[in-house]
Structure formats: structure tokens, C-alpha cells
Number of protein chains: 4
Amino acid sequence: MARPLSSEKRTAILEAATQVVAASGTSAATAAIAKSAGVAEGTLFTYFSNKDELLNALYLDIKSDLHALMTRSLKPGGELVDRCRGVWDSFIGWGLANPEKAKALKQLAVSDRITEETRRLSSGLSSPMTAMFQECSVMVVQKGLPKTYAGTLMSVMAEITASYIAGEPAKARRHIRAGFDAYWRAIGQ
Amino acid sequence: MARPLSSEKRTAILEAATQVVAASGTSAATAAIAKSAGVAEGTLFTYFSNKDELLNALYLDIKSDLHALMTRSLKPGGELVDRCRGVWDSFIGWGLANPEKAKALKQLAVSDRITEETRRLSSGLSSPMTAMFQECSVMVVQKGLPKTYAGTLMSVMAEITASYIAGEPAKARRHIRAGFDAYWRAIGQ
Amino acid sequence: MARPLSSEKRTAILEAATQVVAASGTSAATAAIAKSAGVAEGTLFTYFSNKDELLNALYLDIKSDLHALMTRSLKPGGELVDRCRGVWDSFIGWGLANPEKAKALKQLAVSDRITEETRRLSSGLSSPMTAMFQECSVMVVQKGLPKTYAGTLMSVMAEITASYIAGEPAKARRHIRAGFDAYWRAIGQ
Amino acid sequence: MARPLSSEKRTAILEAATQVVAASGTSAATAAIAKSAGVAEGTLFTYFSNKDELLNALYLDIKSDLHALMTRSLKPGGELVDRCRGVWDSFIGWGLANPEKAKALKQLAVSDRITEETRRLSSGLSSPMTAMFQECSVMVVQKGLPKTYAGTLMSVMAEITASYIAGEPAKARRHIRAGFDAYWRAIGQ
DNA sequence: AATGAATGAGAATTCATTCAT
DNA sequence: AATGAATGAATTCTCATTCAT
């Protein structure tokens, strides 16, 4: 007993899982993840009782990271449009700075191994952001769109913007700006 | 000439694959697909030389189905906005009418088992639609967005619209209309 | 009914089997043999009721070919040593002229799919040769060796001679002569 | 350090493989080998990464065993003929004492799953024996035979001697003596 | 707690043989 | 008789998970 679970090891496993899932999808072998984390195959299972639990934890971990960043970048006050643009910028910036996390997240998002519970938990992560998108909901509903539309749309539009940037890194700034403008035309004022 | 390869059987396998991939993703077992198609495990491999070939064929098959419908719904002439709305409507209508195909397609689209070649083939399927989105490219480029933006954006916006409809089937009409209006604000005129 | 079994087709299958077994051993697929013979997969089974029967027939076929040649080259009369040398020469000549048959035969000889019955049948094939080796048996028995030693030894010594020739084709004549001389020292006078 | 790889288990697998390959050839199922070794099907693959590796390891293992014995029986000094006879005796003795190893070796020797590399490794196993056959090479070359003839011929002549002994075990001594005498007439003095 | 060997239930694929045409 | 699609048992190998050390 004695030795407590090491959070370093847990982190190492999650980081390794990010790389490996980004590269090979959710069918990545747990042995490959353990090896990449520098721990034994069996050790992985003292931190996560099975592969699904690991994948769900990874999903939450990456989402937390993303939301933490976006929340940090959300200075209260100012025009709604400016705050939204700030979130948009940091959202895309995160994807460019963390391509492996972004890729892993994409894989996890479509996997049926991520439970509804996990998805629910992840969407409740960032209250400041939630609040901001709630402010948007008035505009959005006036247009006949569902309340949560602003958040959902930003997520998918940011993603396609990121993929255009991946193809033309030199034009990143233009894509970011034009992408947000399109977004705002769709839902803003 | 012995028993000829039966296109019914090929179709049955593709249909079974649609169901099974929709339910379990691309990790679905070929045995499960064969069983669901009512053929022997080995028979699957007389129609598709291996699993990857089956998945790629399935991707093309579903895409063809979708594009065929959208092309049919594309009456030449008339305002660009009206033609775009027609495509939008039939795109979403197809997803609602073929939820399994839509779900399977989503899984296939993110799988790295679908080759670049297949993706290329599938995007060249519907020339009338390609032409329509090319008409959009002028507007889109004026807004600083990439040439292919109109098609890409419609695809993701239609998809989120479909998911809202799935949650509130009664409001389908409203979602479809409001969704397209948002789309057109983003890229149109 | 009508059409009788075509001996051409039977021959084609045996020839194809020779090639394919030479190349891939007795684990060669019957489908590969049929294809190489230019007949349908199923047709093979109207000529040979199963794979083992085909392999045994092939063994006998090749052995017959070999024995026929050696019997032809056996002119009656003359010294025993000269007749033996004649058989030796034609034995090795056959292997050099029919490398695929030789290779297939080698594979078949060690396979446990060739029955004892087949092996027995094959050794009784050439009576003139049997007679010659029986003449040898006197010498051989005087040396404390088993009666059938002369035939057995020639078979293995010729085979290693052939493999040396395969490595140094230019020295074929010398290998053939020196090989026989060694053989005759072992069992002759 | 968890359970260490057990050399007992490795040995058990190789022994099981010997039996099974002797009985069924190289097409023996890995499952059958594992079962016969008393380990799980998967365990075989922690000791040998695939079937070919197992077969090659088995080939080397049996050859080592054989060469070790023959090397042990090779007392330095004395006449060449006596040393050769010693090797001959122990070669045949090994085959009689280890019929399964002998049979498995025969199957492996003709299989194309045994690589050139493995064959090369195996022939370099016993340097004392190599040296002895090199001493023979002078005699052999004088007779117009290839340098390596002595070793090659002993191998095949011993093998046919062993098979005669298998048919008449009571006459083992006579076969062994007469066989070697024939061998020595062929290549000696 | 950490390790990694052991396990055995699948997974994809092959293939001899059958059988509808 | 000839064809080749259909069959399903068998094969090699993988992998999440367990468990002895």
C-alpha cells in the first residue's frame, strides 16, 4: 500500500494517450499508450480501471484544458462581439498550438466510447463562457435558432477555419478574421 | 457461367455495413456485417477483397446516394440563393430520411481507413453541385474566405441543424429555415 | 453427361500443379492450380476428388515421367557399371532438364500427404531399372548393405550432385562424372 | 520485475513444436503447438513474435542439439577415418535416439519458411566438425568432387542408413558399420 | 504500487469443397 | 461437364485485462 497513486504518472498516461489517439484513433492499443507513457502495461489499469474510462478521462482532460484557456482569455466587460471574437481567437489559437490535443479530441468526439454523461460534464465546464453564450442566445433566438446555437456554431466554424489554416498556414490571420466575421454575420446583431 | 456475382448480395452487404458501422463505428467486425447481410463470413470477401475496400466502397456508395439526391433537387436556373436553399433542404431531408446512412457517413468521414483517393473521387461526384458552389465562390472570396468555403460550411451547418432537429422533430421546418438563413447571412450576398 | 472427362484438362491441371507446387510447396491453393491450368476452381474437383488425390496423382505422374526416361535410356547388354552410369546420367539430365518437376517432386517426397500406397506404386514403376538394381544387389549384399541400397543411394547421390550443378552449371560434366565415380566406389565391385 | 520470461516455457513450446511439426509438418497450427506445450494460444507469441520466427528458432535449436552432440563425440587426435566414423556413429545415434527431432528437422529443412540467414547460422554451429570436414576436402577434391562434399554426403547417407535401421532395428550395428564403410569408399583414401 | 508475462476471446482473412446455374 | 460464387471451419495474430512476483 504505502505509495499513493502518483499524479505524475496519471498525467504521463493522459499525455501519452493524447499522442497515440491523435495518431491512431481510439483503437490505439493500451499497451502502446503505456509504453509511450513510460509505464508498464498493467500500471495503466491502476490509474484507469479500463480503456473506456481512460478515453473518457482524456476527453474531459482535453476539454478542460481548452475551456480553461478560453475562460482565461475572457475578460469581463466590453462589447459582446469583442468578447466572442476573443474566445474565437483563443479557440483557434489553442488548436494551432496543440495540434495533437485537437486531433485527439476530434477522434474522441465521434467515438461512441465517450458516454453521454461525459459529454454533459464537458459542456458544463466553463461557466464564464457559458454565460457569454447565454448572452448570445437572445440574438440567436430572435433569428429562430435554438438557444445553444452560438456555442455549437462557433465550435464547428472554428474547426473548419483551423483546417483551412492547416492548409495555408501563411494566411492564418486572414482566415481567423474572415472566419469570425462570417460567424458573426450568421448569429450576431 | 455459374452463379453470377449477385448485385443484390453486394447491396445487402453494403446495407448491412451501413447499419453496423452506424451502430459500432468502423471497428465493426466483418463477421457482424456478413451476418447482418445474411451471407457467410467468407462471402463478404468475394465482394470486397478486404475490410478497407468495403469501408471505402461504403463511403462512396453513401456519398453517391446523397449527391444523386442533391443533384436531382438542383433545378437549373433561378436565383443562386434559391438553388442553394434547395440543396440545403434536400441535404437535411436526406439526413432525416436516412439517419443510419448519415451516422455511418460521419464515422467513415473521420476514419483514416478512407483513403485520399476515395475522398477525391467522392468530391467529384456531383458536377451540378460543384458548379453551384463555384458560383458561390465569388461572393465568398470577396469576404476573404477560401474559395471552397460555401460547400464546407453548408456541410457542417446542415449537420448541426440536423442534430437540433433530432432533438426537436416538431420544429424541423423552423430549424431548416432559420439554419439556412444563418448560412446565407454568413456567406451570401 | 455426354462430354467425357478431357484428358487434356487433366494434363493441364497436373502441369499447373507441378509449377505451383514447385513454387509454393504442397500448401499451394487448389484455386491457384486451377487458375494456372486455365480451368475453373470447381473443375479441378471433377478430375481429382480432393487435393490429396491430386497431390498423389502428381507424385506418380512425375515419377512415371522420370522412370520412363530412365528405362528408355537403359540399353540391355553391356557391363553393369556402364548401364548404371547410363541411368545416373539420364537421372541427373532429367533433373536439369525438368527443374520444376524435380523441385515439385522434392516437395511431394517429404509431404505426409503422399500415402504409403502411392510410394509403393511409384517404386514398382520401372521393371528394367528394378532388374538392373537387382543385379547390383549381389555386390551390395556382399558389402553388408541392404539389398535395395543401390537404388536408394543413387537417388540421394544424384540429388546432391544436381544441387552442386545448380550452383556451378559450368562444371556440370565434371560433377556428373565424379559423382558417379564416388557412387560406384561406394557400392560397386 | 513481474513474472520473468520463463525459459522452461520457451523450452516447452519448442519441444511441443518438435512433436507437432514432426507429426504434421510446418503447416502445424500454432494453436496445436501452444496446447501441446500447455500454454495459452497467445503465450506462444510472447516467446516468438510470429510463426516463422518459431520455426526458425526450432530449426536452430534442433541443429544446435545435434551439433553439440557431434562435437562432443569428436575427440581430437587420431586418424581422420576414425574421427569421421565417430561423427557418423553419433550422427546416426542421435537420429535413433531423437526420432521426433530428426523428423521435424527433415520437414524444416525443406521448408521455405526457414530463411537463408538461419541456414547460414546453423552451418556455422560446430567448428570442430567443420574443421574435420575441411580435412576431408583434400581427398575429396582430388577425386574431382566439390570441397564440401564430405559433409553433404555424410548427411544424406546417414539419413538413409537411419531409415534402413528403422525398418530392421535388430541389424542396427551392421547397417551403421556397412554404411560408413560405403561412405568411406566413396570419399576416403 | 509497479511490473510485464499470461490469458483467451475475438479479428480479418484463407481455402478446400459444394452446389446452383 | 464446366463454372465460379458460396460456404464456414480453421488460421495467425492482437489486445484488454488479470495476476503472480
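Every heavy atom of this structure was used, including side-chain atoms; hydrogens, water molecules and symmetry mates were not. Chain A is the first sequence line, chain B the second, and so forth, proteins listed ahead of strands; every chain is numbered from 1.
In this structure, the nucleotide among E:dT13, F:dA16, E:dA16 sitting nearest to the side chain of C:A29 is E:dA16.
When the side-chain nitrogen and oxygen atoms of C:T30 are compared with OP1 and OP2 of E:dC15, none of them lie within a distance under 4.0 Å. Within the 4.0 Å cut-off from OP1 or OP2 of E:dA6, at least one side-chain nitrogen or oxygen of D:K9 is found. Listed pair C:T46 / F:dA2 meets the phosphate criterion, a side-chain N or O lying under 4.0 Å from OP1 or OP2. Residue A:K51 has no polar side-chain atom (N or O) positioned under 4.0 Å from OP1 or OP2 of F:dC15. Between A:Y47 and E:dA1, a side-chain N or O to OP1/OP2 separation shorter than 4.0 Å is absent.
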Per-nucleotide pairing state of DNA chain E [Watson-Crick or G-U, under 3.5 Å; [ ] pseudoknot-crossing; | other strand] = .||||||||||||||||||||
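Rounding to whole angstrom units, CG of residue C:L44 and P of E:dC15 are separated by 14 Å. Rounded to whole angstrom, the span from the CD atom of B:E8 across to the P atom of F:dA6 amounts to 11 Å. Atom CZ of B:F45 is separated from atom C1' of F:dG4 by 19 Å (rounded to the nearest Å). As a whole-Å value, the separation of A:E53 CD from F:dT17 C1' is 14 Å. Going from atom NZ of D:K35 over to atom C1' of E:dT7 covers 16 Å, rounded to whole Å. Here the C1' atom of nucleotide E:dT17 and the CG atom of C:L55 are 15 Å apart, to the nearest Å. The CD1-C1' distance, from C:I33 to E:dA16, rounds to 11 Å in whole Å. Distance, C:I13 CD1 to F:dA1 C1': 12 Å, rounded to whole Å.
Comparing A:A32 and D:T26 against DNA chain F, the residue whose closest nucleotide sits nearer the 5' end is D:T26. Annotation: of the two residues near DNA chain F, C:V39 and A:S49, the 5′-most nearest-nucleotide partner is C:V39. Both A:G42 and C:R113 lie near DNA chain E, and the one whose nearest nucleotide falls closer to the 5' end is A:G42. With DNA chain E read from its 5' end, the first of the two nearest nucleotides for B:E41 and D:A40 is the one closest to D:A40.
For the pair A:R119 and A:I114, the minimum side-chain heavy-atom distance is below 4.5 Å. At a threshold of 4.5 Å between non-hydrogen side-chain atoms, the residues B:S111 and B:Y59 do not count as touching.
For D:T18 (side chain) and D:L14 (main-chain N/O), a donor-acceptor pair under 3.5 Å exists by modelled atom type. Checked by atom type and distance alone, the side chain of A:N56 pairs as donor or acceptor with a backbone atom of A:R113 at under 3.5 Å. A side-chain donor-acceptor contact under 3.5 Å links D:N50 to the backbone of D:E53.
With 3.5 Å as the limit, one finds no donor-acceptor pair spanning the side chains of D:T46 and D:T43.
For C:L54 against C:A17, the heavy-atom pair with the smallest separation is CD1-CB, 4.4 Å.
Residue contacts shown for B:A28 are limited to sugar-phosphate atoms, with no base heavy atom under 4.0 Å away. Residue A:F48 is classed as having no contact, given no heavy-atom separation below 4.0 Å to the nucleic acid.
Salt bridge status for C:K103 with C:E100: absent, with no side-chain N to carboxylate O gap under 4.0 Å.
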